[in-house]
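Here's the structure we're looking at; comments come further down.
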Amino acid sequence: MNRRPAVLRILALACLLGAAGSLAATARAAKATGLERSAGGPQTSPPESATLTIDWTKVVRTSNTTPTLQVVVNPLLRRGASIHEKAFQALKDLGCDYVRYVPWLPYPRLAVPALDAPANGRTSWDFSLIDPMTLDFLDAQKGHSIVLNFSTIPAWMFKTDKPVSDPDQPVWDYTQGTDLRDPTGKEQGEYFARLVSWYTQGGFTDEFGKRHESDHKRKIDYWEVLNEPDLEHKPTPEKYTIWYDAVVSAIHDVSPGTKFVGISLAAPGRAPEFFEYFLNPKNHKAGLPLDAISYHFYAVPALDHTPEIQQFTFFEQAERFLDTVRYIETIRKRYSPQTITMINEIGSISADDLLQFQPGHVAKLIPDSYWNLSGALYAYLFSELSHIGIDVAGESQLVGYPTQFPSVTMVDWRDGRPNARYWVLKLLHDNFGPGDKLVETKVTLPENQSYVHARGYVARDGARKILLVNKRDRPFEIVLPAGAARADMVDQTTAFNPPATRQVAGGKMALPGLGVAVVTLQ
């Protein structure tokens with residue numbers, strides 16, 4: 001099968017996210033800061049000191065940010081797969097709200113319950129491969145809110161041929177076509193309404209009046225309308241808004257308690273017109289809800305960025321993304337201030353993953369330090385997004401593996417063990433959430449650098465906590481406010497193990513390279 005279109009789309013995404021930076025410029029930065037060494041290598045000088053100054057009485061914002069994750073459907077989550085049980089147990093153990101569940105385009109038989117167009121009085125509705133994973137997800141999330149995103153529109157709804165697919169083989173060019181055969185979106189809306197009815201209403205009546213029974217009576221808190229339309233089908237903002245309105249209207253009729261998420265862009269910085277148009281209520285049907293918007297961010301290094309260089313690349317790209325977030329927030333507040341924001345794919349994609357579509361590609365070994373770097377990136381963005389006022393910060397994703405973005409995984413695809421990215425999310429989830437008070441925090445480092453990020457929080461129970469993120473692969477000595485403390489830490493020594501707990505005495509502690517710590521003052 002020709003995978004070239006998919007390769008071009010992924011490479012285009014890498015460029016949009018700023019992956020094609022200058023290696024020479026970054027190397028000069030490394031030399032200037034004394035970081036010309038291998039990751040985790042021996043230190044040749046004592047660690048620098050970073051002094052924290054925190055005013056616990058000066059509240060700068062009350063947080064409304066929930067740390068969470070997304071679960072993307074793939075064969076390793078199927079019942080009988082080697083890590084199925086461990087992966088879903090890891091999800092359940094997190095206990096996160098707003099978890100995003102995405103049956104996605106590479107596996108049409110696991111994402112599209114009607115692969116053939118209705119014709120001659122017959123339909124192709126079949127949930128036999130889709131139900132087991134979806135029900136396992138819903139059971140793992142019992143008691144917690146969810147966001148469902150069956151993002152893949154059946155190919156037959158577009159003016160194109162439908163590729164044949166195998167449930168265990170990725171089909172990256174399934175989302176062909178740009179024009180629906182029903183330009184009003186009504187056919188698409190009715191399809192998704194039947195899908196929702198299958199899980200919420202015990203079944204549905206198909207296009208020819210036949211009843212399909214499921215006995216499922218589940219609750220869907222949020223339904224997200226499509227995924228990354230700027231890469232998949234590429235509708236204009238006007239066309240996407242028509243599709244959104246049609247889907248929301250149809251689903252709302254069968255599940256009136258469900259709320260909706262729109263936009264879901266891969267590269268939000270390149271499409272401000274999407275936000276300008278979509279968030280203006282005048283461009284929607286009267287009374288249609290604009291409950292939430294979403295968009296994504298991945299740090300993507302260039303092919304020649306070694307692990308030593310990636311520590312610069314990731315955080316530089318994060319800073320540019322945060323500027324995009326602030327810009328989008330001004331648009332949202334102007335048009336639809338009641339709409340919440342879910343940044344529900346946050347992570348990193350290795351340059352090697354961009355080559356996974358090539359015939360004969362052999363995946364490169366991912367160093368353990370990469371998981372710590374990616375985890376530190378997420379922790380930093382969670383803190384900054386809390387400060388900006390974003391509602392949901394979702395790490396991507398529970399399971400990835402070779403041929404399906406291994407560098408985004410939160411558990412090892414070979415044995416199901418959670419990696420450092422998972423444990424960073426667990427650390428944040430167990431310590432921070434909506435209602436925490438962010439207080440004024442200053443970090444003092446030599447030459448006024450920002451290699452260490454810190455933020456003080458007064459938790460809902462009154463506990464004083466400090467989030468620390470080391471953006472560099474070398475240790476720093478942290479000078480804390482006076483008093484004894486406990487530090488829970490994810491670093492390169494904890495690796496695939498839960499956070500380590502250490503007592504802090506004397507007002508000083510070591511923060512290892514790429515470490516993430518939560519310090520609780522006692």
Side-chain angles (χ1 to χ4, degrees), residues 3 5-21 23 26 69-74 76 100 102 104-106 151 170 172 227-228 230-232 264-270 294-307 309-321 324 343-358 361-381 393-413 419-422 424-425 514:
R3 302 288 171 81
V7 176
L8 293 177
R9 287 197 297 271
I10 299 300
L11 290 175
L13 172 60
C15 292
L16 291 175
L17 293 175
L23 176 63
T26 314
L69 74 157
Q70 77 157 344
V71 178
V72 176
V73 162
N74 59 49
L76 287 186
R100 181 183 191 238
V102 190
W104 187 44
L105 71 92
S151 61
W172 291 102
N227 173 70
E228 298 186 345
D230 48 340
L231 299 182
E232 300 173 20
S264 189
L265 294 186
R270 291 297 182 98
S294 63
Y295 50 95
H296 306 154
F297 168 76
Y298 291 92
V300 186
L303 287 169
D304 55 0
H305 284 190
T306 63
I309 299 301
Q310 289 175 17
Q311 60 189 313
F312 304 101
T313 304
F314 282 24
F315 288 101
E316 288 171 356
Q317 292 182 13
E319 293 302 330
R320 294 199 295 272
F321 173 67
T324 297
I343 302 179
N344 51 18
E345 291 190 33
I346 299 172
S348 56
I349 300 175
S350 73
D352 188 59
D353 279 8
L354 304 180
L355 304 176
Q356 65 186 329
F357 313 98
Q358 295 182 356
H361 172 254
V362 178
K364 292 182 179 179
L365 179 67
I366 300 175
D368 286 350
S369 63
Y370 169 87
W371 309 119
N372 291 93
L373 172 59
S374 188
L377 174 75
Y378 174 72
Y380 173 67
L381 284 171
E395 191 173 26
S396 175
Q397 65 189 47
L398 183 65
V399 176
Y401 68 103
T403 74
Q404 216 278 331
F405 296 98
S407 65
V408 303
T409 196
M410 297 169 65
V411 303
D412 192 310
W413 58 85
N419 62 32
R421 301 185 71 235
Y422 175 96
V424 166
L425 173 58
L514 306 178

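Residues take their numbers from the sequence shown, with the count starting at 1.
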At their closest point, which heavy atom of [X] faces which heavy atom of [Y], and how far apart are they?
X: Ser348; Y: Val408; value: O-CG1, 3.3 Å
X: Tyr298; Y: Ile349; value: CD2-CG1, 3.6 Å
X: Leu398; Y: Thr409; value: O-OG1, 3.3 Å
X: Ser407; Y: Asp353; value: OG-OD2, 2.5 Å
X: Ala376; Y: Leu514; value: CB-O, 4.0 Å
X: Pro301; Y: Phe314; value: CD-CE1, 3.7 Å

Point-to-point distance, once rounded to the nearest 0.5 Å, from [atom1] of [X] to [atom2] of [Y]:
X: Gln70; Y: Asn227; atom1: CD; atom2: CG; value: 7.5 Å
X: Trp172; Y: Phe357; atom1: CH2; atom2: CZ; value: 4.5 Å
X: Glu345; Y: Ser264; atom1: CD; atom2: OG; value: 6.5 Å
X: His305; Y: Ser350; atom1: NE2; atom2: OG; value: 13.5 Å
X: Leu69; Y: Tyr378; atom1: CG; atom2: OH; value: 8.0 Å
X: Leu76; Y: Trp413; atom1: CG; atom2: CH2; value: 10.0 Å

Are [X] and [Y] packed together at the side-chain level, in the sense that at least one heavy-atom pair is separated by less than 4.5 angstrom?
X: Val300; Y: Leu354; value: yes
X: Leu425; Y: Met410; value: yes
X: Trp371; Y: Ile366; value: yes
X: His361; Y: Asp352; value: yes
X: Leu105; Y: Glu228; value: no

Is it the case that the side chain of [X] and the backbone of [Y] share a donor-acceptor pair, with hydrogens and angles ignored and the cut-off at 3.5 Å?
X: Asn344; Y: Gly394; result: no
X: Asn372; Y: Ala420; result: no
X: Gln397; Y: Val399; result: yes
X: Arg421; Y: Ser396; result: yes
X: Gln356; Y: Gln404; result: yes
X: Gln311; Y: Leu373; result: no

(message) Quick one, Ile343 with Phe321, criterion side-chain contact (heavy atoms from CB on, under 4.5 Å). Give me CA distance, side-chain angles, the key distance, then yes/no.
(response) CA-CA 11 Å; Ile343 302 179; Phe321 173 67; 3.8 Å; yes

(request) Starting from the C-alpha separation in whole Å, work towards a yes-or-no answer on side-chain contact (heavy atoms from CB on, under 4.5 Å) for Phe297 and Leu377. (result) CA-CA 11 Å; Phe297 168 76; Leu377 174 75; 4.2 Å; yes

(message) Once side-chain hydrogen bond (donor to acceptor under 3.5 Å, both in side chains) is applied, do any residues pair with Gln310, and if so which ones, sequence neighbours excluded?
(response)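 For Gln310, no residue satisfies side-chain hydrogen bond (donor to acceptor under 3.5 Å, both in side chains) once neighbours in sequence are set aside.
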
(message) Checking side-chain polar atoms at under 3.5 Å, does Trp104 have a donor or acceptor matched by the opposite partner on Glu232?
(response)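 Judged by distance alone, the side chains do pair up.
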
